[in-house]
Structure formats: C-alpha cells, structure tokens
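Scroll down for the structure; my scribbles are underneath it.
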Amino acid sequence: MSYAAYKMMHWPTGVDHCAAGFVTHSPSDAAAFFTAATVGPGPEGDIDSAAAASRPRRLGPSPNLVVAAANVLEVYAVRAETAAEDGGGGTQPSSSSGAVLDGISGARLELVCYYRLHGNIESMTVLSDGAENRRATIALAFKDAKITCLEFDDAIHGLRTSSMHCFEGPEWQHLKRGRESFAWGPVIKADPLGRCGAALAYGLQMIILKAAQVGHSLVGEDEPTCALSSTAVRIESSYLIDLRALDMNHVKDFAFVHGYIEPVLVILHEQEPTWAGRILSKHHTCMISAFSISMTLKQHPVIWSAANLPHDAYQLLAVPPPISGVLVICANSIHYHSQSTSCSLDLNNFSSHPDGSPEISKSNFQVELDAAKATWLSNDIVMFSSKAGEMLLLTVVYDGRVVQRLDLMKSKASVLSSAVTSIGNSFFFLGSRLGDSLLVQFSYGASKSVLQDLTNERSADIEGDLPFSKRLKRIPSDVLQDVTSVEELSFQNIIAPNSLESAQKISYIVRDALINVGPLKDFSYGLRANADPNAMGNAKQSNYELVCCSGHGKNGSLSVLQQSIRPDLITEVELPSCRGIWTVYYKSYRGQMAEDNEYHAYLIISLENRTMVLETGDDLGEVTETVDYFVQASTIAAGNLFGRRRVYGKGARVLDGSFMTQELNFTTHASESSSSEALGVACASIADPYVLLKMVDGSVQLLIGDYCTCTLSVNAPSIFISSSERIAACTLYRDRGPEPWLRKTRSDAWLSTGIAEAIDGNASESNVKRVPLSPQGSADHHNASDSRLRNLRFHRVSIDITSREDIPTLGRPRITTFNNVGGYEGLFLSGTRPAWVMVCRQRLRVHPQLCDGPIEAFTVLHNVNCSHGFIYVTSQGFLKICQLPSAYNYDNYWPVQKVPLHGTPHQVTYYAEQSLYPLIVSVPVVRPLNQVLSSMADQESVHHMDNDVTSTDALHKTYTVDEFEVRILELEKPGGHWETKSTIPMQLFENALTVRIVTLHNTTTKENETLLAIGTAYVLGEDVAARGRVLLFSFTKSENSQNLVTEVYSKESKGAVSAVASLQGHLLIASGPKITLNKWTGAELTAVAFYDAPLHVVSLNIVKNFVLFGDIHKSIYFLSWKEQGSQLSLLAKDFGSLDCFATEFLIDGSTLSLVASDSDKNVQIFYYAPKMVESWKGQKLLSRAEFHVGAHITKFLRLQMLPTQGLSSEKTNRFALLFGNLDGGIGCIAPIDELTFRRLQSLQRKLVDAVPHVCGLNPRSFRQFHSNGKGHRPGPDNIIDFELLAHYEMLSLDEQLDVAQQIGTTRSQILFNFSDISLGTSFL
C-alpha cells in the first residue's frame, strides 16, 4: 500500500472577493491620527507631521481593504504618500514618485494580516454601523450555509472570530427541500447602517443576522477589551425567512436600500422562469419586492414592488443617500426603481419592453453589461467594469429625490475584474482572477493632471511589472509619455442640479498592483536562462523554472515562476576559510553623491586568523597594509558610525577612512573576578551611534558614541548586570518607518534617543523557523518590566522556511539585513539552507537560494560595476559577487516574471534540445457578421440568408471570433526577455487544442525523430459534424535557416483532436471518441491499433507501455499496448461518473497509482489490483485515496523526487506530481512511506482539535470528498494534508512537545519528517 501527502507550495493569487471598511481602526482613530500630526512638528520635527499638514482634507481617513482569493483572506491598509509642497505653493510632481493627484504622490497596499482558511470563501461583506468610534466586522460565508464574523483584535494583532452561524446538519436538513447540490454557496450582504446582515442560503432561505445594540454587546462593559480599543459591530442573534412562503421561486440578487427607518431588503426574483428558446413569447419575467425587516417582531411586510423587469436582470445596486432606491442591472438595460419614481436606459438594440411602456432613453453607444461588476465612486456616480474590461461610468441625474434620467459614458479600459470596491473617497480596487489586481486613485475635476490608462496592455510593462520601489524611482515624465492618452473624461450633465460644475472630470492613476499568476491552464518545466550545467543534487533543481499559461484575453500572459533564487553572477574568486564579510561607506569629503545612492568604499573580509581589507573602486584592490584596521586577527563585525569603526576579537577601533581615531579594550567587571582580564566579543550589533556587544560569557555591553567628539564610551546597561542568565542573542533596533510604532507607545522622554535596549532573556532552544515580529517588523523581545514600553506587543508570524539545523551556541550571526538589493529590503539567512526573507508591503516573502549549497557569509555591495548587488561566500570557499535577476518580481509566493501575450494562452510545452517553448495562443478578432455566417453555413442557406439580411443594417454588425496560432517562444540568454521565434497560424474557425513534443520512430530510416505535434478542431456550430486536424512539424537544426519549423505532415480526421502523445515510438492520437495508435514512416501516419473511448478524451498519459486517459464525463481508463498482437486493450476503468480535468501516473518505487482531478475540485488516487476480490476480476480500478483540494486542478506534471537523508532513501524511483490550479495555486502530491504516514496522520487527527482554526472551520469536513449530490462510495483517507500540519509549528513550544508526546513521538522527529518532505519536493 502506498500513501501520499498533499502540500501547497504557491497559494492562490486570483482575487475572488474584495470589500473595504474600517477593520483595524475606527474612523475616529484614523482622523485623530491625521489631525494629531497636523498640530505641529513633533520633538524631532517629524517628517510625518509635515507631510500630514500638507495633505488635502478631501482624503479623509482611509479604510482597510479586505481581499479573498479562494481560501486565503488578507487585510491591507492603504498607505498614501503626500506630495511635498514647494515654495511656490503649487504641488509639483516630485522626481521620486509618480504623478501627483489630489496632493498624493503615491499609494500602496500594506499587509496587516493574512490567513489560510479550511474552506473557500463563497461571499464576503463588511458590517459597519457608520459610528465614528466603532470598527467594522468582516462577515464571511462558506458552503453550504456557514457564516462567520471576524473582528480585529489589537491584543493578537489579528482577526478573532466574534460569532459563528451554521445552518447545516440534521436539524436544518429540511431547508434543502431534498436537494443535494446548489449552484452557489451562500451570498451575504450588509445593511448600510450596520443594523443587520442577510445571507441567502440553499437558494430560497434568507438568514437575517441581527446586530447587537450599542452598549448591549456580548462582552460586559467592565471587561478591559472595551476600554482598550474601539469595539466592533457584533451579531447578537439570527433567524430564518423562508422565501417560498412569500411566493418566490428563483431569487437572483438582493440588496439593502438606504433612507428608511427600519432595514429594507429589496429582492430581485423571477416569477416564472424562462429560457433562451422561449424569450420571444416570455421575456419580462423578473420583479423586485421591498421588505421592511422588523427584527424584534420577526415580521417582514412588503412595502413596494415593481414587476415586468427583463429576464436577464441579474444585479441590484442600492443607490446611496440622498437619492436612495435601487438600480436593476440587466444585460441590455439599466432600470432605476424607488417607492415613488422609476426610469430606465437601454444599452443596445437587444433590449425589449412590455407593450404600452413609455418611450425609453437609449445610450449613445452599444454595450452589453452581463457579468459586470460595479461600485459607487460618489453618491450619484457608479462605475462598472464590464466583461470586456472596459470601465463605464453611470450618472444618476436627480433633482431633490426625484431621479430624472440615467447617463452612461465610456471611460478607460482596465483589467478583467471579478470584484470591485471603493476604498474611502479617493481610491478603488479592481480585484481580478484573470490579471493583476489594481489599486486605482481617482479624482474629480483634476483636469491639469495627466491621465493614466488603466489597461494592462502597455502600462503593465511600465507600471505593473516593476517592483514598487523601482516604480517610485522612475521619473514621471518618461512613464507618462509611454502610457498616457490625455483625454478628459467629462460628464455632460446639462440639467444637473446635483453637479457642482457643468462638466465633472474624473482622472485615474494606477497606484499599486497585486500580482496574480492564475488561472494556470497549463505549464511546462524547462531550464532557466542562467542555468549551471555542472550543478549536482539539490543545487541542480534551481536550474529549472515553470513556464505557465495564465490569464485570459487581453490579460493573458506567460508567467515564469521559480521557487528558489539563482543570482546573476558578475564575478567569482576562490577564497578559503572565510569567516565573514562586510562593506562600509566612506566619503573623503561630504556631499559628493546623493545620500541614498552612495557607493561602498571598503570591503572587509575576515579569515580564520587575519583580516583583509579591499577598496571597492572600479576594481577590488587589497589595501590591508595601508589602513589602521586591526588585521592580525579575525574580525567580528564592521559597520558605519559617524566616522568609520570596526570591532575585532578583543577590542574596538574607530577609524575615519583609513586612519584610527580611537581604540577600546573590553574587560570584565571586577565584581565577577578579582583580576580584570580581557574578554572576547562574541557578536556585535550596530545602530549609529550605538554599538551593542555580546561577550563570550553571555553578558552585554553597550558602546555609546558622542557626535561632538566622535568617540565611544563603554556602558553596561543596568538591567543586565543584575540578571544572571546568559543572553543568547541581542540586537539594536532603530525605529524608522512610515508610522514609527515605538514612538506611539513611548513617553516623550524616549523620543529623543530612538534606541531600544532589547533583550531576549530566555535562551531557550533557538528555532530559526520563525522571526517574531512586532506590529511593524522588528525582531526582538522586550523586558515586560520596562514601564515605558508597556504597550508594546510582539506578534509571531509564520513564514514558509524549511531550514532546520542545529545552531552552534557561539556561531556567527546568521541573519544579515539589507536595505536595497535590486530595490528590495529584508534579511538574508546564511547557513546550510540559505534563504532570502524580503519585506514587501510589510509582508515577509521567503525565497530559498539552493544553487551554491551552504553559505558562510553575506553582505551587500553597491559600487560602479555592481549596482545594488551583493557578495556571498560559499562553504566550498568561493567568493561570488552577484546581482538579483532584475526581470523578476519578488513580491509573490515565488519570484515571477510575467510576459504579456495580448491573447489567451492555452497550452505550452518545452523542446529541450533548443530550449524552445511552443505555445497555443488565441486572439479575439472582430469580423463582419456576414463573413462569419457565410463561412459557417452551407451554400444553399446562404442565398436565403442574403435576401433577408441585405435589406437591414445587419451587414454592418460585427462578431468577435477567436483566432488561434501556435507561437514558438525562446528565452533570450543575456537579457532574460522572451522572443517569438516563429508563428504557426491556424485556419479560420480552427481551434488548436493541444501541442506536444513527441518522439517517433521513423520506420523508413530506422531512426528516432523529435517532432512538434498539434491537434486541432474546427468549431462551426452544432449543425456541422465535428472535424479536426493532426499537424506534425520538424525543427530545423541549422542556425541560419529562415524557418524554425517546417510542416512534415497534416491530415484531417473525424472528430476533434484533443490529445496527442508518443508511445514507444508510435503516435497516440485522441480524435473525438476514438484513440488511434499510428506508426510514422517519415511521410505518412498509418494506424496500427485503436480503442473506442466513451465521449471526449481530456488528457493522455503514458508510462512504458501503459496508457491512462481521462474522459470528460466518464472518469479514467487504464490501457496497455502489446507490440506482438499490436492491440490496445483495456486493463481496468473507474465505473463512477467523474468529469476529469487532469490525469497522471504517480510512481512510488515499483507501485503505480493513477491520479485524477475532477470538476468538483477533488483529487482521487486509484490503483490496479486484479487479484483483489472487489476489483471484479481486475475490471475495476480501486480507490487508494480521495481528497477535496478546493480548486480546479488543470495539470499534473510528474517529477522525480530528490533523495533525502530519511528512511526513504533506498527508494530512488519516487515521483511526485506538481499541479497547478485555476486560482493561481501550485502544489504537489508526493508519495510517502508508511511509517511517516502513520505518524503524521495521527498528528493530523490531533491537530483538528488542538488548534483554534480561523473562522471555526473544520479541516476534516473541508477535505471530505465532495460528490455534489452524485452517488459516491467513500474511499480511504490515505492522504496527509500539509495545510493542516503547518499549524503544528505555530503552536507554543510546550504545546508542540505535548502534542508530540500524546501521539507517541518527539517534536524533533515530526520536524525532521516535515523538512524531509519539503526537501524532497523542492523542484524549482
């Protein structure tokens, strides 16, 4: 029996839902923070206060942004940067940042907290009652009918569950009315005044969540939580309204409207359903009904309703006060309804009206609004993001409370969005599953400002793909020339009592982007541009990268992902036995260069018993003899003070440039021993003008510098002399940052020093896995006794590092901080498994660096030849000077490079011999309608059609067709940019379905040939029999030939060619419901065997002479090919019905398993066991494990696992499956041995109860196989869920030891198994 582990490696990035609200602070907190800063400069003349004083008041306090991507929940704060005003008083774009709009020069999203939940978020809203001193609560809905409310808790600096509401299980079974599957999970909406929330579950059950009255919350008033922070909205109770009892059949949407004393819920529902074939006779089937919700009486009388709405109405928007009422959004029209008035607007020629209705105004351009997302920019302007990625602005023109008409106008093009929300009154956020999500600032009447296009098409190269720090450094003029089209967006409101100017103008600027690599349709595994052919073992893995098809339409792109960083090497030298390296600045005279771009002056290299000093000018020259550095012994640390200073084993020297100004020796205190002998320094931490030294005996000394005399004096901090414990690690922290958090928690006496005496008193087992983080990012523990810091809390953040090693007690410091390496800041962890920990938007992004094995020492280097680069020394004794590859964005779970394609990528494969990537791309092309129809239909019907058509204006109508081509891309070696080497176009209406590299045995020449095989299908509507083509291309070997590929074979076949593969030199083709095996003569394919598949083959996999294929409805089939009888015979199949998405073989030693993923987001592992009784004499595949992943897996890739030190090392033939899903997540399914499985499975069962799960979700029920109402026999539970096991390391040390003891093992054994599996699967 073989067992498997499921492990996510790259979490979902496609944004499904977003909402805005004051979650982490109340509106009054934010306002107080702004106004406090404007009173006057602080004690040090704070930069913040000056900036806030110049901030225009329109901004106001800005709310948080809450984002949900599949099962990941993230809370962001919006940080706006104000433009500095110059003497003239006018704000000018400063050279350091983007264009200025409303006094803001830039804004970015900063992460507050994030969680990975055991369940996908179906819908999300923010409950807020609008009070100045109350925070908002996040309400999340999960399948089938679970609702959880979360509020922000300052004590843990994170979200805490405030209430949970579940309408599942036996006592609520009657709500389903016998139905097993529902198309949508629950939808949740909030009352604008926070009095209640409503969730629609099971299609027709409305759950009303009643909010607690202020002062009657569940927490008693005397409890300290209320005094400490502003309270959040709480849900007190809930009850159900059965909408069937109100004669509703099909609810499409609902919304709370403004302007009533009690909450009023408007429901859009369809009385008698219609369908496409009946629209001629039955078209106005929808209606809206408004219910007044009286929560105390649990009554809900209808107060008004409106009928005869179009059948394609799908969305309600509540109009903000003072207008109130609702907008009903249909595919072809928009209707406004309130208790007193109504009006509507036609969007195109397809909208129809019931007889006798008044004349209706038409929009002046044609647009379809189905599947549009909307948000209110102001009280009368709503912005739509349409399905084509256009932004439309709808103005509600009103007088008093009477709406006169609706005006629609086109604005910009933007990303194809899945959710939009306004954040405060100057930003909105476009969340997208298909492209990068954008934070956009908008402004009215800023006509002087240049407009920026929101299209990802051109601006992505400029704005979206650069890391934020670089984007700020670009001078705005060169950015704007590329992207802007200076067109004004003007609303011509002729009768507009509500508009201040006759033509309001709105301008936009993209301020930030969250990267998204989903939906991953397909990917391939190829060599990187800077791969090292000589690498061995684990280092060899960082030669590879994943090239993925992601995005759709104009947001389609190629995402190149790497799990580990491989730096670009500038130069390397051999340097044995190095202990540490440092670089220091030195300017011979002040002001020769800008401060933030200063070059390093000296490189100091500490060897075992001496020290080298090199000058870092145009080249590195050794100057050891000419400087006053202490070079006779090794150096502990070196850094910059007011002069230049450095510490060696027995003392400290201060140098100005190369001349010594002061020398210090350290002695022990007389109290400890009678003779005061010299004492060695173990490590040092430098924060100008202080130096903190940790001595060999575990005591601490502080050197305090004096700016006037440029000298140091020794001072042992008093707290530590008294304590007898040895100090394990210490550091100095200097508080710089956007909101200096130490200043907020300190009394004024401390403001001037800016240094924290931070100590870790408990020298417990050091655990490198986590960096304890304060609210904004320092890594140290404080003495709780220090009254000045009593408000300071530390918060533990989990980061995904796999480095576990025994750290020697007196080891060199392993953490090196860097401020600017290629525009990023963070820490570098040296050691046996080195890793970069980059701080991007206050979030730790961990990227391992495997390519050189263990790293001894690391430092940054910035000089003429190496701009913002770094130096490190490997354990083999090589010193390497490198830079980060600049094409990649590191603010993602894995470093990513996005290559825009301006089309939808479908499938990609890799040709290893020439490092080429053939890729299927479809581009939408607009064609005249008559051309499209004539090519689709038969000749006779065309004549009839011509007579009908020519009279009308239908000739001018157009139709959008996807045109397919296969592009062959190559990654250019030096620059790292992608080039299209060749393009193979398809015929009209021919869709390329599959592209693969196949190796065929040429029966004429008796040689193997490597060819490119393409399978296509003609899509001509349902009246024409399906046809397809098989195309074979050969690659030319010579360099200078014109054509990279030449067609060697092409043949039409009956049925669509959906998959191709090579089987022992033969070509296996799936065309329609038939699979044929062909041999290749060099000019012709001849069929030698066939097998009849049920419906349509989705995927083909081959191992040796075994074939596995997945069918679109009929699950998987397992065939074998016998050469002598030349027959494809069925070994076994799965008799269940399963809509396959992807299939692959899982190999564990000599055990072969078959893996399939399906449309219900499950993964099943089958095996073939003809000797077992239940396999029906071998006809039936048996289930080995089944598991709910929670995402559609579209591709499996089989990769050999790396050998590890564990018990499993005797099995070399182990393969794991790397998979990608439609949410942008990547993970793997890896085989594990039985002993490890049993241990981790018992730990997994323990953790279900031992850990408080976010939102109270149960991981076991989430991972249960979802059959969606179809009959299914439950299979065994033989899979390990690493998403749940990850919680083990976040428990406190006592709990970890406790849990390990309860399941009969040790903590170190569990952690060893964890690192074993993560090492074995570090493929990239």
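These numbers come from a predicted model, not from an experiment.
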If we ignore hydrogens and angles and just use 3.5 Å, is the side chain of [X] paired with the main-chain N or O of [Y] as donor and acceptor?
X	Y	result
K7	T1321	no
N1313	D1316	no
N516	R433	yes
S1318	F1314	yes
E1186	P1276	no
D16	A70	yes
Q1244	D1281	yes
Q842	L111	no

If we only count heavy atoms from C-beta on, is the [X] to [Y] side-chain gap below 4.5 Å?
X	Y	value
D891	I515	no
V23	R135	no
I267	M206	yes
S26	R134	no
N64	F152	no
T13	Y893	yes

Looking at every non-hydrogen atom in both residues, tell me the closest pair between [X] and [Y] and how far apart they are.
X	Y	answer
Y6	E1283	CE2-CG, 4.1 Å
R1184	N1278	O-ND2, 3.2 Å
K143	A183	NZ-O, 4.3 Å
S437	F429	CB-CZ, 3.5 Å
T137	S162	CG2-OG, 4.3 Å
V1189	V1163	CG2-CG2, 3.5 Å

Side-chain H-bond candidate by donor/acceptor type, [X] with [Y], under 3.5 Å:
X	Y	result
N892	R845	no
Q1264	S1261	no
S559	S550	yes
Q563	H847	no
S418	S432	no

Discussion item. Working to the nearest 0.5 angstrom, can you tell me the gap between F1237 CZ and S2 OG?
Written reply: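 The CZ atom of F1237 sits 10.0 Å away from the OG atom of S2.
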Worksheet item: If you measure from CG on L1138 to OG on S1115, what distance do you get to the nearest 0.5 Å?
Response: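 Nearest 0.5 Å value for the CG-OG distance: 4.0 Å.
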Check [Y] with [X], please: is the shortest side-chain N to carboxylate O separation under 4.0 Å?
X	Y	answer
R1260	D1249	no
E110	R841	no
E74	R843	yes
K387	D370	yes
K1270	D1160	yes

Worksheet item: Among L243, I241, I207, whose side-chain contact (heavy atoms from CB on, under 4.5 Å) with L200 holds?
Response: L243
Item to complete: Using side-chain contact (heavy atoms from CB on, under 4.5 Å) as the criterion, point out the one residue from L439, I423, L514 that pairs with Y76.
Response: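 The residue from L439, I423, L514 that satisfies side-chain contact (heavy atoms from CB on, under 4.5 Å) with Y76 turns out to be L514.
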Worksheet entry | Aromatic centroids of F254 and H269 separated by under 6.0 Å |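 No - the distance between ring centres of H269 and F254 does not fall below the 6.0 Å cut-off.
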Practice prompt. Would you please indicate if the ring centroids of F167 and Y202 are separated by under 6.0 Å?
Written response: no
Worksheet item: Hey, mind stepping through T421 and T375 against side chain to side chain donor-acceptor pair (under 3.5 Å) and telling me if it holds?
Response: CA-CA 6 Å; T421 182; T375 185; 4.9 Å; no
Item to complete: Please work out whether the ring planes of H1188 and F1262 are parallel, tilted or perpendicular, with thresholds of 30° and 60°.
Response: perpendicular
Discussion item. Students often mix this up, so state it plainly: with edges at 30° and 60°, are the rings of H1192 and F1141 parallel, tilted or perpendicular?
Written reply: parallel
Fill in: Trace of the side chain to side chain donor-acceptor pair (under 3.5 Å) decision for S1099 with T1143
CA-CA 6 Å; S1099 69; T1143 57; 2.5 Å; yes
